[in-house]
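In what follows, chains are A, B, ... by sequence order, proteins preceding strands, each numbered from 1. None of these values were measured; they are calculated from a predicted model. What's counted below: heavy atoms across the whole structure, side chains too, no hydrogens, waters or symmetry copies.
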Protein chains: 2
Amino acid sequence: MIEILQQHITNRLGKLPDNIDLVLPHFEAVITKRGDLLLQPGEVCKYVYFIVEGCLQVFVTDKNGNESTREFYIEEQWATDIFGFQNQIPSAEYIRCTEPCKLLRIHYESFQKLATVVPQFSAIYKQILEVSYNNTVYRVNTLTSMDALERIKWMMENKPKIMARLSSKLIASYLGISAETLTRLKSKI
Amino acid sequence: MIEILQQHITNRLGKLPDNIDLVLPHFEAVITKRGDLLLQPGEVCKYVYFIVEGCLQVFVTDKNGNESTREFYIEEQWATDIFGFQNQIPSAEYIRCTEPCKLLRIHYESFQKLATVVPQFSAIYKQILEVSYNNTVYRVNTLTSMDALERIKWMMENKPKIMARLSSKLIASYLGISAETLTRLKSKI
DNA sequence: TTAAACTCTTGACATTTATCAAGAGTCAGA
DNA sequence: TCTGACTCTTGATAAATGTCAAGAGTTTAA
């Protein structure tokens, strides 16, 4: 598993860094089952997860218990509740495995240490932060400026892998609509 | 004006950095009128704006021309279209002055130079990026998991200054509802 | 100072989307 | 390989929110 991460880092930096051996030992493998929760509201998020295989769903629930998915993460992506993690305060979100996963996780203390000691680590973190921020900005704009049908079309064009891989219920929770509305509108396309 | 920025930097870092004179000369004052556009879709965003006085609205428009506001920025905050700015590609957003503003702006080239040369500059940028990302994550979660009334209450509690300062139309565009719905629901609280 | 342009509110009505329910199909895991 | 638990679809109905319109009040900028 660790070699997947090594390859990921190499791709991002354009070459394998000299000090890779400072970084990799801080990661720990985690094997999960479908449905396992990695984080719950109120809990402090201690890890950042790198996905070797599988899919993670980051979501919240409303007053009626309905789930709203903020983001799905798949192979070679990183998932955490950044704010809770960086400040080590209770999270507002759930993180759940939508399928059996192979993950590598790094603990808060290791993460902070590497961020100060290894410049390339810090650089990759900044890259990921910028891309994540931009994706989320885009998401706010689509949620407020598109109706349900437009959002479905947008997702089909921009997230076809996610669309094909997950259940309607999960996709609906990402689009901010009910599963029934998703079924009905899909047949109109 | 520039002394406001100097104070802002001092507050963020806990002290006035030695190399402040490397930073401040890169900022240029801009005085605007109400309604002035600083950025339009299709245009490349060349600046990051620091607000000395006034308020900026970052928004998109839908197929019918309705505006959806992603964020409002007020005194001592920073505004830009980060993704378009960092990649120097055409933006999808508008940035508009909702009132006459006093701004300080820094050009893309200066920004990149300072980010590599001045560590404290880079550190503040990372801070702002993290907070912005977190705010936007929160915004996605409120947009998908709360109904209109809950979002209004949330905004009254969490953004009272914005709520008091801007027109109903602008606030409604931030909440993702029509101005009429905002009027009607406010009377129910 | 004043006219034109916005703003807020309210009513009537339309549209979108959610909710509840039920049946057929599919899948995960013991 | 079986079985209970999900999943998808469709219908009927309800609820939330949008759209259009109009009048009174308020602000802006020449």
Side-chain angles (χ1 to χ4, degrees), chain A residues 31-37 53-55 57 59 61-69 72 96-101 142-156 162-189, chain B residues 31-36 54-55 57 59 61-69 72 96-101 142-156 162-189:
Chain A
I31 306 293
T32 74
K33 288 181 302 211
R34 175 187 153 92
D36 280 359
L37 285 174
E53 202 181 308
C55 178
Q57 174 200 14
F59 67 103
T61 52
D62 68 15
K63 58 183 176 186
N64 302 317
N66 293 320
E67 297 177 4
S68 298
T69 299
F72 295 109
R96 183 167 58 197
C97 306
T98 67
E99 48 186 271
C101 293
T142 57
L143 283 168
T144 53
S145 74
M146 292 182 185
D147 63 23
L149 186 57
E150 289 174 306
R151 295 205 296 275
I152 293 170
K153 285 179 180 165
W154 181 86
M155 193 169 177
M156 284 169 50
I162 294 286
M163 201 88 185
R165 183 167 180 168
L166 300 174
S167 72
S168 288
K169 192 182 163 191
L170 289 173
I171 291 164
S173 83
Y174 180 82
L175 292 170
I177 57 179
S178 70
E180 293 93 333
T181 297
L182 177 55
T183 294
R184 281 188 255 259
L185 292 181
K186 263 203 291 193
S187 70
K188 285 198 185 172
I189 296 179
Chain B
I31 306 292
T32 73
K33 289 182 303 214
R34 175 188 153 93
D36 281 359
C55 178
Q57 174 200 14
F59 66 102
T61 53
D62 68 16
K63 59 183 177 187
N64 301 318
N66 293 319
E67 297 177 3
S68 299
T69 300
F72 295 110
R96 183 167 59 196
C97 306
T98 66
E99 47 186 272
C101 293
T142 57
L143 283 168
T144 53
S145 73
M146 291 181 185
D147 62 24
L149 186 57
E150 290 174 305
R151 296 205 294 277
I152 294 169
K153 286 180 180 167
W154 180 87
M155 193 171 177
M156 284 168 54
I162 295 287
M163 200 90 186
R165 184 167 180 167
L166 300 174
S167 72
S168 287
K169 193 182 163 192
L170 289 174
I171 292 165
S173 83
Y174 179 81
L175 292 169
I177 58 178
S178 69
E180 294 93 334
T181 297
L182 177 55
T183 294
R184 282 187 254 261
L185 292 181
K186 264 203 290 193
S187 70
K188 285 197 184 174
I189 297 178

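If you take NZ on A:K186 and CD1 on A:I171, they are separated by 6.0 Å, rounding to the nearest 0.5 Å. Taking CE from B:M163 and CG from B:L175, the interatomic distance works out to 6.5 Å, rounded to the nearest 0.5 Å. Annotation: the span from A:L185 atom CG to A:E150 atom CD amounts to 11.0 Å, rounded to 0.5 Å. Separating the CG atom in B:L182 from the CG atom in B:L170 is a distance of 11.0 Å, to the nearest 0.5 Å.
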* Could you go step by step and tell me if B:L149 and B:I189 meet the side-chain contact (heavy atoms from CB on, under 4.5 Å) rule? -> CA-CA 8 Å; B:L149 186 57; B:I189 297 178; 3.8 Å; yes
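Scanning for salt bridge (charged side-chain N to carboxylate O under 4.0 Å, His left out) contacts around A:E67 gives A:R96, with sequence neighbours left out.
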Heteroatom pairs (N/O) under 3.5 angstrom, protein to nucleotides 14-17 of chain D:
from   : atom 1 : to     : atom 2 : distance (Å)
D:dT17 : OP1    : B:A148 : N      : 3.0

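Position along DNA chain D of the nearest nucleotide to A:E180 versus B:R34 favours A:E180 as the more 5'-ward residue.
Looking at A:R34, A:R165, A:K33 one by one, the single match for salt bridge (Lys or Arg N to Asp or Glu O under 4.0 Å) with A:E99 turns out to be A:R165.
A donor-acceptor contact closer than 3.5 angstrom is absent between the side chains of A:T98 and A:Q57.
First and last contacts of DNA chain C with chain B, using any nucleotide atom under 4.0 Å from a protein heavy atom and ordered 5' to 3', fall at C:dT7 to C:dA12.
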